[in-house]
2 protein chains.
Amino acid sequence: MEPVARWEPDSRGRLGRAALELFAERGFDDTTVEEIAAHAGVSERTFFRHFADKREVLFAGSGNLQTLLVDAVIAAPRTASPMEAVAAALESTGPFFEERRDFARQRQAVITANAELRERELIKMATLASTLADALRQRGVKEPAASLTAEAGIAVFRVAFERWITDSQRRGLSRVIRESLAALRAVTAEA
Amino acid sequence: MEPVARWEPDSRGRLGRAALELFAERGFDDTTVEEIAAHAGVSERTFFRHFADKREVLFAGSGNLQTLLVDAVIAAPRTASPMEAVAAALESTGPFFEERRDFARQRQAVITANAELRERELIKMATLASTLADALRQRGVKEPAASLTAEAGIAVFRVAFERWITDSQRRGLSRVIRESLAALRAVTAEA
DNA sequence: ACCAGTGATGACAGTCGCTGTCATCAAGGA
DNA sequence: TCCTTGATGACAGCGACTGTCATCACTGGT
């Protein structure tokens, strides 16, 4: 006889998958936390032990992206200008998302369909910008250059990500990021 | 005898003032909607008839700002570049906030102190950016220039607004906006 | 003067997100 | 063997928000 563990392992992972599946099927509002928990075979209380709130289950992985970006900014050559460092960091996320394209699409569709989820996504992006600004200051960049570079960089990422997700020509994310940054440079130079 | 009206007029305004007062005093989380309603002399249900949710009471006036900006973008001279049009619109909000400096400070302090309120503010800003992008497209600006100009413009506004609120030298908002835009131009040119 | 419609409100029940608290029980040492 | 350490379930409770119905001043037409 296998010694049966008291609980199935990875309840957190099961909760995450159940949530995305149910949100995609019936929508965020029409899915209760109790249903997600039941689908994952745990109690509602356990859901809230793993995720601070119902929305957070879709954003638990955002720490990875943050680490990726910050590390890349820090690793950029000393000679790189602030915007060059941020640009390099953004482009370096290409493979990360390229590997998870289907997941990213489904998740993004769920988020786009719900205002509360869009709110949460925005604050994650803002946190990202703030962390990026910190990393730039560590490189010796002063204010307001650090904040503005970070904010502009995130704006570029958002625009590029949306274009990538909906791009019928399936251009690579890194490439779309490069093109979007060039477009930003063009409009700011015109002012 | 005065013919006593059945209800005091302007319950919406009273709710708004009561909410800001209580939020400033005890914080957003430690204030219940029932308390706000009682303070304004109405029922909790009436609060939710005027405001979609507890947070929205602090953002009801944001439509004014939106109108101000969109009108200014549309009114910008045809010869103005997209970023020039946005810059002019942003600067034109100076007097609007200058008149309400104390209110803006108190409101901003309440918002900054609470994560949920920061989320709501971000989505208002994003909506603003989106509306601004629409106005630019009406001027014939193509994508992604319209979105990027709008996003960058809002980023400038956010950075400038925060500097203005905390500025010990009390420089004017319009001036801080101009300086922040110049700083953005500098960092993007460097890339 | 009457009377039907309108609109803002109160009252009340109900759902759901979320929290605090306590008990349970497997696993891993000392 | 005993004690500690998680991870979990069970349950009560608060507060945000909604649906629904009743109330009643006001308004406009007759």
Side-chain angles (χ1 to χ4, degrees), chain A residues 1-20 22-23 25-60 110-111 113-121 123, chain B residues 1-20 22-23 25-60 110-111 113-121 123:
Chain A
M1 284 285 224
E2 275 281 309
V4 177
R6 187 169 179 200
W7 298 289
E8 293 297 317
D10 194 26
S11 46
R12 185 186 175 92
R14 271 178 292 135
L15 282 166
R17 288 185 292 274
L20 182 58
L22 292 173
F23 291 163
E25 187 183 320
R26 340 178 177 167
F28 181 78
D29 282 335
D30 291 339
T31 305
T32 70
V33 174
E34 202 176 1
E35 287 167 346
I36 299 169
H39 202 272
V42 297
S43 70
E44 186 194 19
R45 191 69 184 83
T46 289
F47 178 95
F48 288 109
R49 286 199 177 97
H50 285 287
F51 306 102
D53 60 60
K54 186 182 170 185
R55 290 174 251 175
E56 197 62 20
V57 65
L58 284 176
F59 297 90
V110 169
I111 291 172
N114 184 274
E116 292 178 64
L117 292 173
R118 288 196 302 270
E119 282 191 353
R120 179 57 52 87
E121 177 164 56
I123 208 169
Chain B
M1 285 285 224
E2 275 281 310
V4 178
R6 187 169 181 199
W7 297 289
E8 293 295 318
D10 194 27
S11 48
R12 185 186 174 92
R14 270 178 293 136
L15 283 166
R17 287 185 292 274
L20 182 58
L22 292 174
F23 291 163
E25 188 183 320
R26 341 179 177 167
F28 181 78
D29 282 335
D30 290 341
T31 305
T32 70
V33 173
E34 200 174 4
E35 287 166 347
I36 299 169
H39 202 271
V42 297
S43 70
E44 186 194 19
R45 192 66 183 83
T46 289
F47 178 95
F48 288 109
R49 285 198 177 98
H50 285 287
F51 306 103
D53 59 61
K54 185 182 171 185
R55 289 174 253 174
E56 197 61 20
V57 65
L58 284 175
F59 297 90
V110 169
I111 291 172
N114 184 275
E116 292 178 64
L117 291 173
R118 288 196 301 271
E119 282 191 3
R120 178 58 52 87
E121 177 164 55
I123 207 170

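Proteins get letters first, then strands, A, B, ... in listed order; numbering begins at 1 in each.
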Q | Short side-chain N/O contact from A:Ser11 to OP1 or OP2 of D:dA7, under 4.0 Å | A | no

(Q) Looking at B:Thr46, I'd like to know whether one of its side-chain N or O atoms comes within less than 4.0 Å of OP1 or OP2 on C:dG10. (A) yes

(Q) Strictly by salt bridge (charged side-chain N to carboxylate O under 4.0 Å, His left out), give each pair with a member in residues 48-60 of chain B just once, sequence neighbours left out. (A) A:Glu119-B:Arg55, B:Asp53-B:Arg120, B:Arg55-B:Glu116, B:Glu56-B:Arg120, B:Glu56-B:Lys124

Please list, one pair per line, the donor and acceptor atoms closer than 3.5 Å that link side chains of residues 37-45 of chain B to other protein atoms, with sequence neighbours excluded.
{"unit_1": "B:Ser43", "atom_1": "OG", "unit_2": "B:Thr46", "atom_2": "N", "d": "3.4"}
{"unit_1": "B:Ser43", "atom_1": "OG", "unit_2": "B:Thr46", "atom_2": "OG1", "d": "3.4"}

Q: Check ring-ring contact (aromatic ring centres under 6.0 Å, His included) between A:Phe28 and all other residues, then give those that pass, not counting sequence neighbours.
A: A:Phe23

Q | Atom-to-atom span, CZ of B:Phe23 to P of D:dA16 - whole angstrom | A | 9 Å

Q: Using heavy atoms and a sub-4.0 Å distance, could you list which residues of residues 26-36 of chain A are near DNA chain C? By number, please.
A: A:Thr31, A:Thr32, A:Val33

Q) Can you tell me how far P of C:dC16 sits from CZ of A:Arg55, to the nearest Å? A) 17 Å

(Q) Test of understanding: with salt bridge (Lys or Arg N to Asp or Glu O under 4.0 Å), list the residues that count as partners of A:Arg118, not counting sequence neighbours. (A) none

(Q) Could you work out, with salt bridge (Lys or Arg N to Asp or Glu O under 4.0 Å) as the rule, every residue matching B:Asp29, not counting sequence neighbours? (A) none

Q) Do B:Glu34 and B:Phe47 touch side chain to side chain, with heavy atoms closer than 4.5 Å? A) no

Q.
Among residues at least two apart in sequence or on other chains, which ones pass side chain to side chain donor-acceptor pair (under 3.5 Å) with B:Arg17?
A. none

Q | Separation of D:dA16 P from B:Leu15 CG (nearest whole Å) | A | 14 Å

Q: Round to a whole Å and report the spacing from CD of A:Glu116 to P of D:dA16.
A: 15 Å

Q. What are the two closest non-hydrogen atoms of B:Arg14 and B:Pro9, and how far apart are they?
A. NH2-O, 3.3 Å

Q: Find the distance A:Leu117:CG to C:dG17:C1' and express it as a whole number of Å.
A: 14 Å

Q: Starting from P on D:dA12, measure out to CZ on A:Phe48 and report it in whole angstrom.
A: 18 Å

Q) With sequence neighbours excluded, what pairs up with A:Ser11 under the side chain to side chain donor-acceptor pair (under 3.5 Å) test? A) A:His50

Q.
Whether B:His50 contacts C:dT9 is assessed here as follows: a side-chain N or O lying under 4.0 Å from the phosphate OP1 or OP2. Is that the case?
A. yes

Q. To the nearest angstrom, how far is B:Glu44 atom CD from D:dG15 atom P?
A. 10 Å

Q. Side chain of B:Asp53: nearest nucleotide among D:dC17, D:dT8, C:dT9?
A. D:dC17

What protein N or O atoms touch nucleotides 11-13 of chain C N or O atoms at under 3.5 angstrom, if any, and at what distances?
none

Q: Return the value, rounded to whole Å, for the distance between atom NZ of B:Lys54 and atom C1' of D:dA16.
A: 8 Å

